[in-house]
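The structure under discussion appears below in the form of structure tokens.
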Amino acid sequence: MKLVIIAILSVTLGAAYAFTPSAPVSVQTTLAMSEAAEEPEPVVQSPTVAPINGWVPDVSLPCYGLPGAVAPLGFFDPLGFTKDMELLGVKRFREAEVMHGRVAMMATLGYLIGESTPTITYGMNVHHTIANNQIPEVPGTVLFPFFLAINIAEAFRANTGWVEPGLGPLFTLRERYYPGDIKFDPLGLKPTDGKEFATMQTKELNNGRLAMLAAAGMCAQEVVNGKGILENLGF
């Protein structure tokens, strides 16, 4: 008889519990909803790169914080070339700007020196042919070593800063390469302090930008009136 009573009580209690809400499930559901509601928004992280010449890429700054934005214009990119660009793309653009600036600085000097001073090309005599027309007059014995030197310099730069074809995407700079820093500093002018390096880099960029405008202006002026640069200025 006792067994029958126990069995009846077990069935009755089981049926009652079957219709009772499960507290642990409810608590878990509430916690899950609370966690989902409190989940923070994803934060955009800067690329993880060790400092290079004192520069650490910062995604919150224009061009990841590379130097070159100075008063009065500050960061100047009206056409939005670098907007939402990844780090490697920005570094490649800066590499191009630095290299073109250096070439333009040499070209600006070349216009002035080639037209007004004795040069090897003309047997150490002053030749008054305008710079735009001098290349066709340069003998091959001078042009060949000139272009050979350019090729050697470009091969050295590519080997220093660019990923080899087949080892990564084409036209990609090395991760530890700072745009324009090809480790060529025979006079030891490169600062070791990060801030001083950024200041020197900004000065080089500004001079290069001015030189690009100057070289383009000199070339256009000689095309228009056929006069040398100093001659056009009255010297």
Side-chain angles (χ1 to χ4, degrees), residues 36-108 150 153-185 189-221:
E38 297 177 359
E39 184 177 351
E41 296 181 359
V43 179
V44 179
Q45 299 290 339
S46 299
T48 305
V49 178
I52 311 174
N53 293 330
W55 167 67
V56 179
D58 187 344
V59 73
S60 66
L61 298 176
C63 289
Y64 293 89
L66 281 170
V70 293
L73 297 178
F75 176 67
F76 185 74
D77 184 17
L79 299 181
F81 286 122
T82 59
K83 184 179 180 181
D84 300 326
M85 182 178 285
E86 62 177 4
L87 176 60
L88 289 178
V90 170
K91 288 177 64 176
R92 192 174 64 188
F93 270 37
R94 174 51 56 85
E95 170 82 359
E97 182 181 20
V98 172
M99 291 298 112
H100 281 85
R102 290 171 180 173
V103 170
M105 285 188 278
M106 290 188 289
T108 302
I150 291 176
E154 281 297 287
F156 175 76
R157 181 173 73 93
N159 187 63
T160 301
W162 297 77
V163 176
E164 293 85 349
L167 299 182
L170 292 176
F171 311 116
T172 302
L173 293 176
R174 300 183 190 277
E175 183 178 337
R176 293 293 302 158
Y177 175 69
Y178 187 94
D181 185 9
I182 58 175
K183 311 302 180 185
F184 181 76
D185 185 24
L189 300 177
K190 177 183 174 181
T192 55
D193 179 74
K195 292 184 178 180
E196 292 180 2
F197 180 86
T199 300
M200 177 174 283
Q201 174 85 122
T202 300
K203 291 177 180 178
E204 181 185 18
L205 285 166
N206 287 338
N207 284 310
R209 291 162 181 168
L210 179 61
M212 285 188 275
L213 294 173
M218 291 177 177
C219 180
Q221 177 253 293

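Position 1 is the first residue of the sequence; numbering continues from there.
Side chains of W162 and R92 form a contact here, defined as non-hydrogen atoms less than 4.5 Å apart. Taking the side chain as every heavy atom from C-beta outward, Q201 and L66 never approach each other to under 4.5 Å. By the 4.5 Å heavy-atom criterion applied to side chains, P78 and F76 are counted as neighbours. The side-chain heavy atoms of K190 and M200, taken from C-beta on, include no pair separated by under 4.5 Å.
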Given the rule in the side chain to side chain contact (heavy atoms under 4.5 Å, CB included) test, do V103 and M99 qualify, once you have shown the distances and angles that lead to the verdict?
-> CA-CA 6 Å; V103 170; M99 291 298 112; 5.6 Å; no
Between L213 and R209, does a side chain to side chain contact (heavy atoms under 4.5 Å, CB included) hold up when you go through it step by step?
-> CA-CA 7 Å; L213 294 173; R209 291 162 181 168; over 6 Å; no
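For the atom pair M212 CE and N207 CG, the distance stands at 11.0 Å (nearest 0.5 Å). The line from CD of E95 to CG of D181 is 9.5 Å long, rounded to the nearest 0.5 Å. Annotation: the span from M218 atom CE to T108 atom OG1 amounts to 5.0 Å, rounded to 0.5 Å. Expressed to the nearest 0.5 Å, how far CZ of F93 lies from CG of L173 amounts to 11.5 Å. Between the CG atom of L205 and the CZ atom of R102 there is a distance of 9.0 Å, given to the nearest 0.5 Å. Distance CG/N159 to CZ/R174: 6.0 Å, rounded to 0.5 Å.
Of all the heavy atoms in A211 and G101, the pair that sits closest is CB-O, 4.4 Å. Across all non-hydrogen atoms, the minimal contact from L170 to P165 is CD2-CB, 4.1 Å. Of all heavy-atom pairs between A104 and A215, the closest is O-CB, 4.3 Å. In terms of heavy atoms, P179 sits closest to R94 at CB-CG, 3.6 Å.
Remark: F75 CZ is packed, more than 12 non-hydrogen atoms of other residues, nucleotides or ligands lying under 6.0 Å away. At most 12 non-hydrogen atoms from other residues, nucleotides or ligands lie less than 6.0 angstrom from NZ of K203.
Checked for salt-bridge contact, E86 and K91 miss the test: no charged N lies under 4.0 Å from a carboxylate O.
Remark: side-chain polar atoms of W55 are not paired, donor with acceptor, to backbone N or O of P67 under 3.5 angstrom.
Aromatic ring centres of Y178 and F197: separated by under 6.0 Å.
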